[in-house]
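Everything on this sheet refers to the single structure shown next.
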Amino acid sequence: MELSDLQQIRLDKVERLREQGEPAYPTRARRTHTNADALALFDAAEANATLSDSGDLDTPMTLTGRMVSFRHMGKTVFAHIEDGTSRLQLYIRRDLLGEDRYADVRKLFDLGDFVQAEGTLFRTRTGEVSLRVSAVTMLAKAINAPPEKWHGLQDIETRYRQRYVDLLANDEVRRIFRVRAKAVSAIRAFLDARDYLEVETPVLQPLYGGAAARPFTTYHNALDQTFYLRIADELYLKRLLVGGLERVYEISKDFRNEGIDRNHSPEFTMLEFYEAYADYETMMDTVEAMIAHVVTTVFGRPCFTFQGNQIDVTPPWPRRTLREAIHEASGVDYTAFRSQEALQQAARAAGASIEDGMVWPRIVDELLKQFVRPHQIQPIFLTDYPVELSPLAKRKADDPTHVERFQPYIGGGEIGNAFTELNDPMDQLARFREQQEDKDAGDEEAMPLDWDYINALMYGMPPTGGVGIGIDRLAMLLTDQRTLRDVILFPAMRNLPNESANTPESGSDSAETESPAE
RNA sequence: GGGCCUCUAGCUCAACGGCAGAGCAACGGACUCUUAAUCCGCAGGUUCAGGGUUCGAAUCCCUGGGGGCCCA
């Protein structure tokens, strides 16, 4: 490993600490308070006027954190440490610490180091609550210097490739992922409270299904068999409904072998939940209540700002049919154009960009994307999609050309997909066969026929409502981010040239030889 | 897949055909209440890689690589 001058200087300090008997990486830390707790205690004591004559809170404290600022004033040092709760200033005086130890702090401690400091809290002349330090020790020496203190880490590529640097340098990034976690936690609380059972279904699947997408393919050596990484949880979760579990949900990574852009990641997080004896109307009730619960949990009220728009998720949300929404936005009533040619002509006449040869349902989808979707800023449910777009949804009783399906839209994008689940095994078989025809015609995203799923439906699945919510897209909304990668901690990136040795094909070290246990 | 943009010190950025620079960080020093502390001094480069044009290339051209945006 080649070290830069800056790294070598810090490594030398590790050695100097060791020489004088202080480990640079001690086995354990001892803290009596988090920084936030310590500050709260001081505020309380100050409010109750129980501080000592010197203005100190006489409770001795041991605090920990990463050193994020360091101002040397001769015989005094001001430094800030930051733990997971707060930033707190250390006030380090030579006469309190002793000459030798004070020199160590000046010479051997750097920005980025984790330290542990003992002392008592007081308020400085400029009003900042600070720790009057009586002792300080190294907890973990940082060899790499942190990014620039004022601008943080700006380089987008480094922020994604080395998210740990992004997180330690940029407060806003930590905030984003806290909001995301809080939202997921609120979803679990909401569903748990409604007696939904959280379950885990296979990531490795012998046959993929439940969505229109290309899968990742892998291989199990012992079984001598191909597996696919799941593109959706849907078909397994609905098997559980057959088995008598009436309310189930799963929050999990799904994988789709497609391009990467602002709204697509090869691995992403999906919430799916299914409820027996429900239908798409009652599931709309559930979705709007759930989103309102999540937003209120995160922000304290059912409103938030996304890309400059104030969004209010208070139920009930408007519900409009896809046909109405497209008709109003584009002037095209797609039901009046039954053939691909006629609809293509009408769509183009309305100003849509439609490729030659695009099949009828895809043209409808394009009308939705081009005319309707960008304008759905406030929450809305679009309902009743053409059957061709929805091979797993149940037909409307009064219109077999459409299915009971809805998508919730917020902030100009869809955040999910839901329907009254198709539970007629023979209709499901027919839909699979139509998909098979599309596949044979070259549609790589068409669903394969899943005989075991048909078999499950033949045992009987109760009438069921099901919903899928894209957690990453929801997180984008709640954190006001325009890019999926900004709400994914470690987004997929292409190998750098000198990382190509990571691929199993190259180099001599294969997976077998890496394990010393073998 | 196509178009446009981008890659310079650890970090944030200048220089845009004529000596590769600044701030922060580092290093040496002054300073016992600072807040992006201040002040003095000093050091730091495969300008993404390779090739070409040129008296001279970070800069222009070509090829390749990473990243971003837009389009498909």
Side-chain angles (χ1 to χ4, degrees), chain A residues 1-13 16 54-56 66-82 87-99 102-103 105-113 119 121-133 141-166 168-171 258-264 352-358 362 365-366 369-370 374 444 481-486 491-500 502:
Chain A
M1 180 171 61
E2 203 159 320
L3 292 179
S4 72
D5 291 349
L6 294 180
Q7 291 171 318
Q8 191 55 56
I9 287 166
R10 284 168 176 248
L11 210 51
D12 291 343
K13 292 178 182 181
R16 282 165 64 190
S54 63
D56 282 35
R66 186 193 290 278
M67 197 137 61
V68 294
S69 76
F70 194 91
R71 293 178 295 282
H72 174 223
M73 312 269 312
K75 298 188 179 63
T76 305
V77 166
F78 288 90
H80 278 94
I81 58 170
E82 189 173 280
R87 191 171 285 217
L88 190 145
Q89 183 168 259
L90 303 182
Y91 177 61
I92 304 172
R93 290 172 58 119
R94 190 170 76 165
D95 54 7
L96 270 175
L97 212 57
E99 208 156 316
Y102 184 77
V105 169
R106 279 189 48 193
K107 297 296 174 191
L108 302 181
F109 285 44
D110 287 299
L111 288 180
D113 294 350
L121 289 176
F122 74 111
R123 198 179 280 281
T124 64
R125 252 174 242 160
T126 48
E128 181 164 354
V129 178
S130 307
L131 188 73
R132 190 189 305 279
V133 173
K141 183 79 193 160
I143 303 304
N144 289 330
E148 209 250 8
K149 63 182 171 188
W150 190 239
H151 301 92
L153 178 66
Q154 294 294 325
D155 184 79
I156 294 171
E157 185 175 351
T158 310
R159 289 187 45 225
Y160 293 152
R161 285 191 191 278
Q162 303 180 39
R163 183 69 89 181
Y164 42 91
V165 187
D166 191 25
L168 77 87
N170 299 326
D171 293 347
E258 313 175 322
I260 299 175
D261 63 31
R262 257 189 33 232
N263 292 305
H264 295 88
S353 159
I354 303 292
E355 273 182 274
D356 285 335
M358 193 176 271
R362 280 294 313 282
D365 201 33
E366 282 303 311
K369 285 179 182 169
Q370 293 181 32
E444 291 180 323
Q481 299 299 306
R482 292 184 65 247
T483 302
L484 204 64
R485 273 174 295 234
D486 287 329
M493 301 285 277
R494 194 186 292 271
N495 273 354
L496 291 173
N498 60 9
E499 289 175 338
S500 59
N502 285 342

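Chain identifiers are assigned alphabetically (A, B, ...) following the order of the sequence lines, protein sequences preceding nucleic acid strands; residue numbering begins at 1 within each chain. What's counted below: heavy atoms across the whole structure, side chains too, no hydrogens, waters or symmetry copies. Given the structure is predicted, the values throughout are model-derived calculations rather than measurements.
The distance between atom CE of A:Met493 and atom C1' of B:rC7, rounded to the nearest whole Å, is 13 Å. Between the CZ atom of A:Arg159 and the C1' atom of B:rC11 there is a distance of 14 Å, given to the nearest Å. Across the protein-nucleic acid pair, A:Gln7 atom CD and B:rC11 atom P stand 10 Å apart, rounded to whole Å. The nearest whole Å value for the distance from the CE atom in A:Met73 to the P atom in B:rU38 is 11 Å. For the pair A:Leu111 CG and B:rC24 P, the computed distance is 13 Å after rounding to whole Å. In this structure, the CH2 atom of A:Trp150 is 24 Å from the P atom of B:rG10, given to the nearest Å. Here the P atom of nucleotide B:rG28 and the CG atom of A:Leu108 are 10 Å apart, to the nearest Å. Across the protein-nucleic acid pair, A:Glu148 atom CD and B:rA9 atom P stand 14 Å apart, rounded to whole Å.
Comparing B:rA26, B:rC13, B:rC11 by their closest approach to the side chain of A:Gln154 singles out B:rC13. The side chain of A:Arg494 lies closest to B:rG66 when the candidates are B:rC11, B:rU32, B:rG66. The A:Ala145 side chain lies nearest to B:rA25 when the options are B:rU32, B:rA25, B:rC27.
Nearest heavy atom pair, residue A:Glu366 against residue A:Ile354, reads CB-CD1, 3.8 Å. Scanning all heavy atoms of the two residues, the minimum distance from A:Leu3 to A:Gln8 falls at CD1-OE1, 3.4 Å. Pairing each heavy atom of A:Gly119 with each of A:Leu131, the nearest pair is C-CD1, 3.5 Å. When all heavy atoms of A:Ser54 and A:Arg132 are compared, the pair lying nearest together is O-NH2, 4.3 Å. The shortest non-hydrogen separation linking A:Arg485 to A:Arg163 is O-NH2, 2.8 Å.
Nucleotide B:rC24 forms a Watson-Crick or G-U wobble pair with B:rG10, both donor-acceptor distances falling under 3.5 Å. Across all strands shown, B:rG50 forms a Watson-Crick or G-U wobble pair, both distances under 3.5 Å, with B:rC62. Figure legend. B:rC4 is base-paired to B:rG68; pairs are counted as Watson-Crick or G-U wobble with both atom distances under 3.5 Å. When Watson-Crick and G-U wobble pairs are counted only if both distances are under 3.5 Å, B:rG18 pairs with B:rC55.
In this structure, A:Arg71 does not reach the B:rU34 phosphate: none of its side-chain N or O atoms is under 4.0 Å from OP1 or OP2. Contact check, A:Arg93 against B:rU32: no side-chain N or O comes under 4.0 Å of OP1 or OP2. For A:Lys149, no side-chain nitrogen or oxygen approaches OP1 or OP2 of B:rC11 to under 4.0 Å. The side chain of A:Arg161 contributes an N or O atom lying less than 4.0 Å from OP1 or OP2 of B:rG67.
Contact annotation for A:Thr124: base contact, defined as any heavy-atom pair under 4.0 Å involving a base atom. Contact annotation for A:Asn144: no contact, since no heavy-atom pair falls under 4.0 Å across all strands. As judged by a 4.0 angstrom heavy-atom cut-off over every strand, A:Phe122 is placed among the base-contacting residues. Using a 4.0 Å heavy-atom criterion, one finds that A:Leu153 contacts the sugar-phosphate atoms exclusively.
When each of A:Arg125 and A:Phe109 is assigned the nucleotide of RNA chain B bearing its nearest heavy atom, the one mapping closer to the 5' terminus is A:Phe109. The residue among A:Ile156 and A:Lys107 whose nearest nucleotide of RNA chain B is located toward the 5' end is A:Lys107.
You won't find any donor-acceptor pair under 3.5 Å spanning the side chain of A:Glu128 and the base of B:rU34, going by distance alone. Judged by distance alone, with hydrogens and angles left aside, A:Ser69 brings no side-chain donor or acceptor close enough to the base of B:rU35 to form a pair under 3.5 Å. No N or O donor and acceptor, one from the side chain of A:His151 and one from the base of B:rC13, sit under 3.5 Å apart.
Taking the P atoms as reference points, B:rA57 lies 12 Å from B:rC19, given to the whole Å. Rounded to the nearest Å, the gap between the P atom of B:rC42 and that of B:rC5 is 42 Å. B:rA25 and B:rU35 have their P atoms separated by 13 Å, given to the nearest Å. Of the C1' atoms belonging to B:rU59 and B:rA20, the separation is 11 Å, rounded to the nearest Å. When the P atom is used for both B:rG28 and B:rC13, the distance is 29 Å, rounded to whole Å. Using P as the reference atom, B:rG17 and B:rA58 are 13 Å apart when rounded to the nearest Å. Distance noted for atom P between B:rA14 and B:rC60: 15 Å (whole Å). Separating the P atom of B:rC40 from that of B:rG45 is a span of 24 Å, rounded to the nearest Å.
Side-chain atoms of A:Glu148 and A:His151 form a donor-acceptor pair, as typed in the model, at a separation below 3.5 Å. Side-chain contact check for A:Asp166 and A:Gln162: no donor-acceptor pair (N or O, by modelled atom type) lies under 3.5 Å.
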CA sep, side-chain torsions, deciding dist, call: A:Arg87, A:Glu82, salt bridge (charged side-chain N to carboxylate O under 4.0 Å, His left out): CA-CA 4 Å; A:Arg87 191 171 285 217; A:Glu82 189 173 280; 2.6 Å; yes
Intermediate values then yes/no, salt bridge (charged side-chain N to carboxylate O under 4.0 Å, His left out), A:Arg16 and A:Asp12: CA-CA 6 Å; A:Arg16 282 165 64 190; A:Asp12 291 343; over 6 Å; no
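In summary, the aromatic rings of A:Phe70 and A:Phe109 are positioned with their centroids too far apart to meet the 6.0 Å limit.
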Could you go through nucleotides 69-72 of chain B and list every protein N or O atom that sits under 3.5 Å from one of its N or O atoms, giving the distance for each pair?
unit_1: B:rC69; atom_1: OP2; unit_2: A:Arg485; atom_2: NH2; d: 2.9
unit_1: B:rC70; atom_1: OP1; unit_2: A:Arg262; atom_2: NH1; d: 2.6
unit_1: B:rA72; atom_1: O3'; unit_2: A:Glu355; atom_2: OE1; d: 3.4

